[in-house]
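Notes to accompany the following structure.
If you're wondering where the values come from, they're calculated on a predicted model, not measured in any experiment.
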Amino acid sequence: MPELPEVETIRTSLLPLIKDLEIIKTEVFHEDVLINKDQRPLQGWIISDLRRRGKYLLIDIVSSDNPEAEALLMVHFRMTGKLLFRTELVSPTKHTHVRFHLHGDQDAWLDYEDVRRFGRIWLLPAGGENENPGVAGLGPEPLSEAWTLEDFQNKIKKSKAPIKSVLLNQTAVAGIGNIYCDEALFRAKILPDRKADSLSEKEIRQLHEAVRYVIKEGIGHHGTTFSDYVDGLGRQGHFQQQLQVYRRSGEKCKICGCDICKDKVAGRGTHYCPKCQI
DNA sequence: CGAGGTACCTGACAGC
DNA sequence: TGCTGTCAGGTACCTC
């Protein structure tokens with residue numbers, strides 16, 4: 001389930017492989033997945049850069065005949081989406097929804113595969129991510145200086161929802177999903193169902209630090225793989241080995257030794273240590 | 001408007 | 001064996 005560290009790993013794995021390649025043909029096997037409201041052609045574009053915003057991957061493209069004509073392919077992987085780079089043509093499976101045929105020194109293919117088909121790809125004008133409601137509503141990047149403790153404090157103090165909901169809803173801070181949410185709350189020693197406005201300044205400071213820490217560590221370990229997530233070359237992540245609570249219910253807490261619990265909070269499976277977190 | 005619930009999807013798995 | 005039910009979860013959308 002690609003969250004910020006997974007999307008960042010996809011970005012860094014794909015960038016050196018597809019930058020400057022030309023999209024010479026696009027095949028769409030499932031219409032719902034690719035959103036192209038202007039019905040613009042999906043060939044004749046050169047990939048100029050890969051960026052990321054929250055859990056969105058932004059593929060900047062320029063026209064091959066007019067370098068001033070720019071556009072954007074924006075990808076959200078949701079649960080099971082994958083973007084796979086291949087230098088050999090393979091038969092599309094029932095989960096292959098969009099295929100970009102690329103050309104540089106040699107032919108290559110970039111396949112969007114998605115078992116549950118929740119993910120989407122948008123073809124937008126250059127800079128069009130900011131008009132997309134999903135991206136426009138995103139809070140600051142957790143590793144940027146724009147995400148200040150003061151900003152986080154203000155958002156948290158205004159909400160009576162469980163702190164887990166605040167972390168997941170993308171407006172206080174962008175890119176946190178269920179895994180890194182549970183891990184950050186464990187590290188900050190805060191129970192996931194605590195009302196946000198009940199957190200002390202010290203706890204908010206701990207949580208701010210914990211979010212940055214788990215996101216950084218997640219990126220450092222190339223993301224977390226349980227079943228689906230792989231990078232642009234099909235490689236798994238390693239952060240699952242570092243997890244303290246996520247999917248460890250019934251196992252022992254690595255800090256205090258008591259059993260990790262699992263409940264439903266904010267409609268999500270939620271893992272926590274009942275002794276370390278208060 | 002904030003908060004909570006549900007639809008979207010398919011595969012894995014438990015239980016009978 | 002094969003069926004049914006439940007769970008997984010990011011986001012849009014709906015309702016209160």
Between the protein and nucleotides 10-14 of chain B, which nitrogen or oxygen pairs are less than 3.5 angstrom apart?
from: B:dT10; atom 1: OP1; to: A:R117; atom 2: NH2; distance (Å): 2.6
from: B:dG11; atom 1: OP1; to: A:K94; atom 2: NZ; distance (Å): 3.1
from: B:dG11; atom 1: OP1; to: A:H95; atom 2: NE2; distance (Å): 3.3

Original post:
Does A:H222 have any ring pair (Phe, Tyr, Trp, His ring centres under 6.0 Å) partners at least two apart in sequence or in another chain, and if so, which?
Top reply: none
Subject >> Contacts of A:E22 that satisfy salt bridge (Lys or Arg N to Asp or Glu O under 4.0 Å) - sequence neighbours left out >> reply: none
Original post:
Can you check the A:F226 CZ to C:dG9 P distance for me, whole Å?
Top reply: 9 Å
Original post:
Can you find a side chain N or O atom of A:H76 that sits less than 4.0 Å from OP1 or OP2 on C:dG10?
Top reply: no
Would you tabulate the pairs of protein nitrogen or oxygen atoms and nucleotide nitrogen or oxygen atoms of nucleotides 12-16 of chain C closer than 3.5 angstrom?
none

Original post:
Regarding A:H30 and A:R117, is there a side-chain donor-to-acceptor distance under 3.5 Å anywhere?
Top reply: yes
Subject >> Pair A:D197 + A:K195, salt bridge at N-O below 4.0 Å >> reply: no
Original post:
Is there a residue in residues 212-224 of chain A whose heavy atoms reach under 4.0 Å of DNA chain B, and which residues are they?
Top reply: none
Subject >> Residue pairs, two or more places apart or on separate chains, that pass side chain to side chain donor-acceptor pair (under 3.5 Å) and touch residues 74-83 of chain A >> reply: A:T80-A:D114
Original post:
Between A:K195 and A:R268, which has a closest nucleotide on DNA chain B that is more 5'?
Top reply: A:K195
**OP:** Figure out the CG/P separation between A:D193 and B:dA3, and round it to whole Å.
**Re:** 15 Å
Subject >> From A:I23 atom CD1 to A:I46 atom CD1, the distance as rounded to the nearest 0.5 Å >> reply: 9.5 Å
Subject >> Residue list, salt bridge (Lys or Arg N to Asp or Glu O under 4.0 Å) with A:E209, at least two apart or on another chain >> reply: A:R187
**OP:** Under 4.0 Å between any heavy atoms, over every strand shown, what does A:M79 touch: base, sugar-phosphate, or nothing? Just pick one.
**Re:** base
**OP:** Would you indicate what A:G119 reaches in the nucleic acid, counting non-hydrogen atoms under 4.0 angstrom: base, sugar-phosphate, or nothing?
**Re:** nothing
Subject >> Residues in salt bridge (Lys or Arg N to Asp or Glu O under 4.0 Å) contact with A:E203, at least two apart in sequence or another chain >> reply: A:R194
Original post:
So, do A:W147 and A:F152 have ring centers that fall under 6.0 Å from each other?
Top reply: yes
Original post:
Between A:H97 and A:F29, is the ring centre distance below 6.0 Å?
Top reply: no
Original post:
Got a sec? Which of residues 229-252 of chain A come in under 4.0 Å of DNA chain C, heavy atoms?
Top reply: A:Y246, A:R247
Subject >> Residue pairs fulfilling side chain to side chain donor-acceptor pair (under 3.5 Å) with at least one residue in residues 160-170 of chain A, sequence neighbours excluded >> reply: A:K164-A:N178, A:K164-A:D182, A:K164-A:T270, A:N169-A:T171
Original post:
Do the ring centers of A:H238 and A:H221 come within less than 6.0 Å of each other?
Top reply: no
**OP:** Mind calculating the distance between NZ (A:K264) and P (B:dG4) to the nearest angstrom?
**Re:** 15 Å
Subject >> Strand contacts (DNA chain B) in residues 156-170 of chain A, 4.0 angstrom heavy-atom criterion >> reply: A:S159, A:K160, A:A161, A:P162
Original post:
Taking NZ from A:K82 and C1' from C:dG10, how many angstroms apart are they, rounded to a whole number?
Top reply: 18 Å
Original post:
Between A:Y180 and A:E217, does any side-chain donor sit less than 3.5 Å from a side-chain acceptor?
Top reply: no
Original post:
Side chains of A:D193 and A:Y272: is there a donor and an acceptor less than 3.5 Å apart?
Top reply: no
**OP:** Fit a plane to each ring of A:Y112 and A:F77, take the angle between them on a 0 to 90° scale, and name the class: parallel (under 30°), tilted (30 to 60°) or perpendicular (over 60°).
**Re:** tilted
Original post:
When the distance from CE of A:M74 to P of C:dT11 is rounded to whole Å, what number comes out?
Top reply: 11 Å
Original post:
Does the aromatic ring of A:F118 sit over the six-membered base ring of B:dC8, closer than 5.5 Å centre to centre and tilted less than 30°?
Top reply: yes
Subject >> Results of salt bridge (Lys or Arg N to Asp or Glu O under 4.0 Å) for A:K155 - residues two or more places apart only >> reply: A:D151
